[in-house]
Amino acid sequence: METKQFKAESKKLLEMMIHSIYTHKEIFLRELISNASDAIDKLYFKSLTDDQVGLGKDDFAIWISVDKEGNRLKISDNGIGMTAEELETHLGTIAESGSLKFKSENKLEEDNQIIGQFGVGFYSAFMVAKKVTVISKAYGSDKAYQWESEGVDGYTITEADKKSVGTDIILELLPDSEDEDYSGFLDQYRLKSLVKKYSDYIRFPIKMEVTHSRPKEMSEEDKEAGKTPEYEEYLEIETLNSMIPLWKKNKSELKEEDYKHFYTEKFFDYNEPLKYSHVKNEGTANYNALLYIPSKAPYDYYSKEYEKGLQLYSNGVLIMDKCADLLPDYFSFVKGLVDSEDLSLNISREMLQHDRQLKVIAKSIEKTISSELKKMLKNEREKYESFWKAFGLQMKYGIYSDYGMNKEKLQDLLLFTSSNDKLITLEEYITGMREEQKYIYYATGESAARISQLPQTELVRDNGFEILYLTDNIDEFAVKSIGKYKDKEFKSVSADDLGLESPEKKEELKAKEEEASGMLEELAKSLDGKVTKVILSQRLKTHPVCLTSEGEISLEMEKVLNSMPTDQKVHAQRVLEINPEHEIFEKLSSAHKSGDNDKLGKYAKLLYNQALLIEGMNIENPVEFSNLICELM
Ligand code: ADP
């Protein structure tokens, strides 16, 4: 008999299970029951259109059986079963969904997190068993097969004898150790309570033969003699789970605990959700929904791997695990499920996409999410800010994408760091605006700390105006998509007209600029096309220079767009601004007057590079820059 090897990733996972010090080893039962329930779901789904299945809804069940002598636990189902190939692919390889990225090996702390987070499925059996045997007969197949493994050394697949369609999973438990009482998993009370705890809502009955005891019949004489009765044991088949899905229960029956527990179990998140909402909607769309906002972004949230979607049930039957159409991209962080009677069970995935009722439900769900977020923003600010840190970026993308189509829906949910060192909404910004203030000012940069040092922010700040600090790549694009908020235009602190200067000041500067025009042109010339022009600045107070831009594309946008993997590069039209009140201006003027264009050219390069550095951009030729400094010193 050939022993097959596990795929490398699977082997790692297995090793992790076997050596796990995970404190909740008991979850293996939940995992196996959940697999059994999925398998039944599949066959039940088939049975709706296929008479050959020969089973009705009430015939489906999951069985737990205990063999104390053999130290074995068996979980059986009459679900869809697995063919030999399926045993091989499903149990020999873990899903390569990228859900398991092994950051570092043998770090138990991390292992525990992984186990907790991902609900590692079938392999969790190896946390409690030294040998696992799976005997399965697939629906539509006339042969049954057995998969068996004692861990990392591999597994075997052989033909087996099994009459009915379905799967038996037999665990030979590990011997009890100091730390773990594995035989406890054969105890009926323990099993009962584990099922209640983790699998109560499973839609199919989870049955177990339970031992009870009762007093034996006593003879009249014994009774009269006041003898205590003897007890006898008898067996009874019990259904351990209530089978009512949580979302179908009355809200009044449910505690916060129940909702949270359900979330961590069902969506494999070891963090409690930040917020949940139990929706019972009637009217144009009839549905029950459980919606959750995770407290942390999943590790792959901002990657291509992340799949958005809600579980979709049709009257209690799971029809799709991640129905993407139920969530707009900007709310893709929401987890949960929707159960509706309005959807036909036999609907195919392709049809579902075009289903009118599904669209109505999706609209209604979106509204709910939006109003829940608004409520949280209003009443639970701290919570909202923590939500924002996890998922704000996604909503900003939402503003920018689809040509700004959704900005009205999202703009009031945005938070920005401001120059006052806190997170504020646009509404709050507007409310705090001074009377003479025309614009919503913003500045871009890598971090709030860096932005607050930008020379360009000086003038606006000196006027006592608040500035929004845009630190994410997407921010400026989002702000441009919004354009105006409550009639107030957004204005970059680098924009050419900040609307702050008095007409007299402007005149004064203009005169100065005319006077210096020869020098400014010479400076621009020596920068050799790097800037479109050199001007005298009206925004600088103490700093000598800064770099701004003309036209649609800002320096920040240039940076962002050029970091994208396309061939086309964009260029902001750069403007070098010189502070006419700064000593440096005199130096430049005198170099120009004495006709020393060589020196002026060197000054120009120095100042330009300096401005680049302040902007947090790379200078083209650091060696030349450094030589220039020395030379001029
Ligand atoms: P997951 O359930 O997350 O896909 P598992 O490792 O738990 O991952 O299971 C892998 C696959 O093995 C399942 O997706 C399913 O196809 C198959 N499987 C596991 N248990 C059963 C079962 N009792 N009946 C039928 N198929 C099963």
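Residue numbers count from 1 along this sequence. Because only heavy atoms are used, hydrogens play no part in the values below, and waters and symmetry mates are left out as well, while side chains stay in. Atoms within a ligand are numbered from 1 in the order they appear, just like the ligands themselves.
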*asked:* Is Met82 close enough to touch ligand 1? Criterion: a residue heavy atom under 4.0 Å from a ligand atom.
replied: yes

Is there at least one pair of N or O atoms, one from [X] and one from ligand 1, spaced under 3.5 Å apart?
X	answer
Asn35	yes
Phe122	yes
Tyr123	no

*asked:* Residue-level breakdown please: for Asp38 versus ligand 1, do any non-hydrogen atoms fall below 4.0 Å on the side chain, on the backbone, on both, or on neither?
replied: neither

*Test ring pair (Phe, Tyr, Trp, His ring centres under 6.0 Å) applied to Tyr302 - qualifying residues, sequence neighbours left out*: none

*Looking at residues at least two apart in the chain, or sitting in another chain, which of them share a salt bridge (Lys or Arg N to Asp or Glu O under 4.0 Å) with Lys375?*
Glu372

*Six-ring centre of Tyr234, Arg214 cation under 6.0 angstrom, axis tolerance 45°*: yes

*Does Gln146 reach the main-chain N or O of Asp161 with its side chain, forming a donor-acceptor pair under 3.5 Å?*
no

*Gln311 vs Lys335, side-chain hydrogen bond (donor to acceptor under 3.5 Å, both in side chains): CA-CA, chis, key distance, verdict*: CA-CA 8 Å; Gln311 278 198 334; Lys335 301 233 181 253; over 6 Å; no

